[in-house]
Amino acid sequence: MQMVADAVQHNQTLLAYQPVTQAMAPRGIAFYEGFIRVLDPAGRVIPARDFMHVVEEKEIGREIDCHALQHGLQALKKFPQVRLSLNMSARSIGYHRWEQLLDRSLKQDPTLGERLVLEINEASAMAAPELVSDFLGRMQKHGIAFALDNFGASTTVIGHFRQLLFDAAKIDGQFVRGIHANRDNQAVVRALIGIAKQFDMFTVAEMVESREDAEFLVSNGVDCLQGYLFGGPSEALPWTEDMKQGKKVN
């Protein structure tokens with residue numbers, strides 16, 4: 001907790017970016033996801049999975065979301081060809097500094113929202129579905145898209161789908177990794193894809209690490225693929241290298 005607080009206080013935070021690739025040919029890059037990182041006192045980069053479970057329900061978690069949003073908005077302003085997704089907790093809805101950052105940026109550049117995707121995980125969304133629903137309605141008017149992260153990790157969200165108008169569903173990686181050889185997970189993922197499509201949500205499969213898994217997912221209708229098969233999170237700006245290699249960046 002103290003390490004994260006010190007990193008926030010001294011602006012020792014950054015984003016690591018990972019490509020999300022279209023499932024169908026020519027498999028261009030649909031967007032990049034920005035993952036928040038903090039630097040410890042020795043300058044080592046600490047990923048969110050090592051600290052978010054400690055800070056998410058506290059105010060320092062709201063400040064972490066502010067840092068992620070600020071870094072992401074700066075990247076979008078500097079690179080108008082890039083589309084970027086950022087993680088946020090539903091607990092940051094109504095947090096003054098977070099909303100002020102977003103509102104100010106949208107006023108400065110009204111087209112920025114069209115290149116921004118905000119990801120809210122299932123558990124966070126279910127903590128306050130009415131609040132999330134109102135927030136989605138307000139922000140989607142600015143062109144911002146919303147993705148339901150960790151889709152499938154909990155069944156409670158499905159009952160709220162008519163209320164929570166997410167644009168995308170990111171299938172939880174626990175069902176994706178090794179899916180080509182796991183019939184139980186194949187059945188789960190087919191069902192999740194079907195539910196998402198019923199509600200006009202495009203689907204992203206996380207943690208795609210093998211070509212066999214990717215082939216199964218594509219053949220079953222997943223729209224986008226994300227994982228180490230296509231590139232891991234990088235603190236460098238991956239779109240500059242992708243454009244050098246001639247990859248299409250949408």
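- With sequence neighbours left out, the side chain to side chain contact (heavy atoms under 4.5 Å, CB included) criterion links Val55 to Met1, Val4, Phe51, Met52, Ile60.
- The main-chain N or O of Leu165 is found under 3.5 Å from a side-chain atom of Gln140 such that the two form a donor-acceptor pair.
- At least one side-chain heavy atom of Ile193 sits under 4.5 Å from a side-chain heavy atom of Ile171.
- Between Asp134 and Arg138 a salt bridge is recorded (basic side-chain N to carboxylate O distance below 4.0 Å).
- A salt bridge does not link Asp65 with Arg97: none of the charged nitrogens is closer than 4.0 Å to a carboxylate oxygen.
- Taking both residues in full, the closest heavy atoms of Arg83 and Ala30 are given as CB-O, 4.0 Å, listed atom of the first, atom of the second, then distance.
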Using side chain to side chain contact (heavy atoms under 4.5 Å, CB included), reason through Trp98 and Leu102 one step at a time and then give a plain yes or no.
CA-CA 7 Å; Trp98 191 95; Leu102 184 57; 3.8 Å; yes

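- From Met139, atom CE reaches atom CG of Leu116 across 10.5 Å, with rounding to the nearest 0.5 Å.
- You'll find the side chain of Leu106 reaches within 4.5 Å of the side chain of Ile144, heavy atoms only.
- Gln186 and Asn182 share no donor-acceptor pair across their side chains, judged by distance under 3.5 Å alone.
- Ala90 and Val132 get closest at one heavy-atom pair: CB-CG2, 3.7 Å.
- Tyr228 and Gln18 form no side-chain donor-acceptor contact under 3.5 Å, judged by distance and modelled atom types alone.
- A donor-acceptor pair under 3.5 Å is formed between the side chain of Glu99 and the backbone N or O of Gly94.
- Applying the side chain to side chain contact (heavy atoms under 4.5 Å, CB included) criterion to Glu57, with sequence neighbours excluded, gives Arg91.
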Open item on the list: One pair to check against side chain to side chain contact (heavy atoms under 4.5 Å, CB included): Asn121 and Glu56. What are the steps and the verdict?
Closed with: CA-CA 12 Å; Asn121 69 55; Glu56 185 175 3; 3.7 Å; yes

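- Of the N and O atoms on the side chains of Arg62 and Ser92, at least one donor lies less than 3.5 Å from an acceptor on the other residue.
- Heavy-atom contacts from other residues, nucleotides or ligands closer than 6.0 Å to CD of Gln108 number more than 12.
- For the pair Ile36 and Met88, the minimum side-chain heavy-atom distance is 4.5 Å or more.
- Checking side-chain atoms of His67 against main-chain N and O of Asn11 turns up no donor-acceptor pair under 3.5 Å.
- Taking CZ of Arg190 as the reference point, atom CG of Leu217 lies at 10.5 Å (rounded to 0.5 Å).
- A donor-acceptor contact shorter than 3.5 Å is absent between the side chain of Lys197 and the backbone of Thr203.
- In this structure, Val117 is not a member of the same hydrophobic cluster as Phe166, with clusters built from ILVMFWY side-chain heavy atoms closer than 4.5 Å.
- Using a 3.5 Å distance cut-off with no hydrogens or angles, the side chains of Asn150 and Gln174 do not pair a donor with an acceptor.
- Atom SG of residue Cys66 and atom NE2 of residue His96 lie 10.0 Å apart, to the nearest 0.5 angstrom.
- Minimum heavy-atom separation, Val222 to Ala23: O-CB, 3.1 Å.
- Here the side chains of His180 and Arg211 are not in contact, with every heavy-atom distance at 4.5 Å or above.
- Ser105 and Lys77 form a side-chain donor-acceptor contact under 3.5 Å, judged by distance and modelled atom types alone.
- For Glu235, the side chain to side chain contact (heavy atoms under 4.5 Å, CB included) partners two or more places apart in sequence, or in a different chain, are Leu14, Ala16, Arg37, Val45.
- Between the CG atom in Leu39 and the CD1 atom in Ile46 there is a gap of 8.0 Å [rounded to 0.5 Å].
- Met3 and Val38 make their closest contact through CE-CG2, 4.0 Å (heavy atoms, listed as atom of the first residue, atom of the second, distance).
- Proximity of Leu101 to Arg104: side-chain heavy atoms (C-beta onward) are separated by under 4.5 Å at one or more points.
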Show the numbers, then the answer: is there a side chain to side chain contact (heavy atoms under 4.5 Å, CB included) between Asp6 and Gln12? CA-CA 8 Å; Asp6 289 344; Gln12 296 295 299; over 6 Å; no

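- Of all the heavy atoms in Phe230 and Pro19, the pair that sits closest is O-CG, 3.6 Å.
- Atom-to-atom distance recorded for Leu84:CG and Gln74:CD is 12.0 Å, nearest 0.5 angstrom.
- No continuous path of hydrophobic side-chain contacts links Tyr32 to Met207 [ILVMFWY only; heavy atoms under 4.5 Å].
- For the pair Asp213 (side chain) and Ile179 (backbone), a donor-acceptor distance under 3.5 Å is present.
- Contact record, Val20 with Cys224: CG1-CB, 3.7 Å, taken as the closest heavy-atom pair.
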Evaluation steps, ring-ring contact (aromatic ring centres under 6.0 Å, His included), between Phe35 and Tyr17
CA-CA 6 Å; Phe35 297 94; Tyr17 302 95; 9.2 Å; no

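- For the pair Asp223 (side chain) and Phe202 (backbone), a donor-acceptor distance under 3.5 Å is absent.
- Contact of the Glu59 side chain with the Tyr95 side chain is registered, since non-hydrogen atoms from C-beta on lie closer than 4.5 Å.
- Formation of a donor-acceptor pair under 3.5 Å by the Arg115 side chain with backbone atoms of Leu76 is found in this model.
- When side chains are defined from C-beta on, Phe151 counts as touching Ile195, because their heavy atoms get closer than 4.5 Å.
- For the pair Val176/Val208, a side-chain contact is recorded, criterion being any heavy-atom separation below 4.5 Å from C-beta on.
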task: Could you go through the side chain to side chain contact (heavy atoms under 4.5 Å, CB included) check for Leu148 and Leu164 one step at a time?
output: CA-CA 9 Å; Leu148 180 66; Leu164 298 173; 6.0 Å; no

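- The line from CG of Leu237 to CG of Leu15 is 10.0 Å long, rounded to the nearest 0.5 Å.
- Between the side chain of Ser219 and the backbone N or O of Phe216, at least one donor-acceptor pair lies under 3.5 Å.
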